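Just below is one structure, and these are the notes that go with it.
Below, chains carry the letters A, B, ... as their sequence lines are ordered, and counting in each starts from 1. The structure displayed is predicted, hence computed values, not measured ones.
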There are 2 protein chains.
Amino acid sequence: MPAYDHPDLTTLDIVSVLRALADPVRLDIVKRLHSMGEANCAALVGKRPKSSMSHHFQVLRESGIVHTRIEGVQHHNSLRRQELDERFPGLMAAVLAAI
Amino acid sequence: MPAYDHPDLTTLDIVSVLRALADPVRLDIVKRLHSMGEANCAALVGKRPKSSMSHHFQVLRESGIVHTRIEGVQHHNSLRRQELDERFPGLMAAVLAAI
DNA sequence: CCTATAGTTCGATTGTTGTCGAACTATTGG
DNA sequence: CCAATAGTTCGACAACAATCGAACTATAGG
């Protein structure tokens with residue numbers, strides 16, 4: 001229930017962002033978030049266990065790619081698209097186009 | 001002495017490319033290649049041993065980011081910029097702008 | 001031919017990351 | 001209050017990746 005803290009735009013690190021993106025599971029999450037706009041974890045869990053997904057969301061959150069909004073029992077995730085675009089112009093567009 | 005084989009444009013995989021870029025040493029190499037145009041390994045070796053550098057060049061080569069041209073005893077490396085742009089438009093521009 | 005130079009290959013080690021089950025926490029509904 | 005739901009945390013393990021020294025290969029120059 002404690003709201004997560006998301007890293008500030010200015011502290012985002014390109015290496016961390018690239019590392020976060022350099023995983024097929026997380027790329028898939030990113031793709032879905034892009035097309036769905038916002039989604040809770042359950043909607044993104046394929047066949048993988050919840051603990052794995054939790055891990056991937058943590059990586060995406062800590063690198064600054066994803067924002068997690070807590071609403072009751074659910075965690076709604078969304079891409080921090082505007083902020084990423086501001087910090088790394090063109091990066092997400094290129095990645096999203098590639099997947 | 002055997003010329004390397006570089007992966008074909010069409011087989012380039014976004015995950016491999018992102019993984020290759022998600023390392024500070026390799027990002028540094030990419031940055032230098034971008035500004036220098038072409039360089040042999042020695043010019044890019046900072047304080048790191050040659051075996052480490054050899055490893056990083058291999059990763060960059062196999063992911064399709066770098067082309068290595070052998071000329072005598074030297075290996076001249078360059079970014080496969082046009083091909084990358086064709087396959088993943090905007091990606092390298094975004095990464096290069098970020099570093 | 002001998003040596004220097006440029007880089008690779010090998011093998012060991014260490015550190016990092018992904019995966020997953022099990023136990024836990026928090027919220028909502030009955 | 002009890003149970004269901006949504007997700008986290010913990011711990012273990014396996015797979016992978018970075019690092020580096022040492023030995024190797026190949027070319028060029030003297």
Side-chain angles (χ1 to χ4, degrees), chain A residues 1-7 13-33 36 38-78, chain B residues 1-7 13-33 36 38-78:
Chain A
M1 169 220 171
Y4 294 108
D5 46 277
H6 297 83
D13 168 34
I14 184 68
V15 175
S16 307
V17 169
L18 290 171
R19 248 208 314 259
L21 292 172
D23 176 281
V25 175
R26 288 192 291 267
L27 264 191
D28 189 58
I29 292 175
V30 166
K31 176 163 70 175
R32 287 169 192 248
L33 286 181
M36 300 168 67
E38 194 183 53
N40 64 351
C41 301
L44 297 160
V45 170
K47 299 192 75 71
R48 287 161 209 280
K50 299 194 292 178
S51 54
S52 292
M53 285 299 125
S54 193
H55 164 67
H56 288 302
F57 279 110
Q58 186 184 1
V59 172
L60 288 169
R61 209 158 39 226
E62 291 181 348
S63 69
I65 295 174
V66 156
H67 178 89
T68 306
R69 175 175 66 83
I70 301 183
E71 188 180 275
V73 81
Q74 284 178 207
H75 294 202
H76 297 280
N77 299 286
S78 55
Chain B
M1 171 219 170
Y4 293 108
D5 47 277
H6 297 81
D13 169 34
I14 184 68
V15 176
S16 308
V17 169
L18 291 171
R19 250 208 312 260
L21 292 172
D23 177 279
V25 177
R26 289 193 290 267
L27 263 191
D28 189 58
I29 292 176
V30 165
K31 176 162 70 173
R32 288 169 191 248
L33 287 181
M36 301 168 68
E38 194 182 53
N40 64 351
C41 300
L44 298 161
V45 170
K47 301 191 76 66
R48 285 158 209 282
K50 299 193 292 176
S51 53
S52 293
M53 284 300 127
S54 195
H55 164 67
H56 287 303
F57 279 110
Q58 187 184 1
V59 173
L60 288 169
R61 210 158 40 227
E62 291 181 348
S63 68
I65 295 175
V66 157
H67 178 89
T68 306
R69 176 174 65 84
I70 302 183
E71 187 180 274
V73 82
Q74 284 179 207
H75 292 201
H76 297 281
N77 299 286
S78 56

Exercise for review: Using a 4.0 Å heavy-atom cut-off, write out nucleotides 1-17 of chain D from 5' to 3' as B (base contacted by protein), S (sugar-phosphate only) or - (no contact).
Suggested key: ----BBBBB-------S
Point to revise | B:Tyr4 ring center within less than 6.0 Å of B:His75 ring center | key: yes
Check your understanding: Does any pair with a residue in residues 50-71 of chain B pass salt bridge (Lys or Arg N to Asp or Glu O under 4.0 Å), and if so which ones, sequence neighbours excluded?
Key -> B:Glu38-B:Arg69, B:Arg69-B:Glu71
Exercise for review: Could you name each residue pair satisfying salt bridge (Lys or Arg N to Asp or Glu O under 4.0 Å) that touches residues 19-28 of chain A, not counting sequence neighbours?
Suggested key: A:Asp28-A:Arg32
Atom pair distance, as rounded to whole Å: [atom1] in [X] and [atom2] in [N]:
X	N	atom1	atom2	value
A:His56	C:dT17	NE2	C1'	9 Å
A:Arg48	C:dG18	CZ	C1'	10 Å
A:Asp28	C:dG18	CG	P	15 Å

Exercise for review: Would you give the length of the straight line joining atom CG of B:Leu33 to atom CG of B:Asn77, rounded to the nearest 0.5 angstrom?
Suggested key: 6.0 Å
Check your understanding: About how many Å separate CG of B:Asp13 and CG of B:Leu18, when rounded to the nearest 0.5 Å?
Key -> 8.5 Å
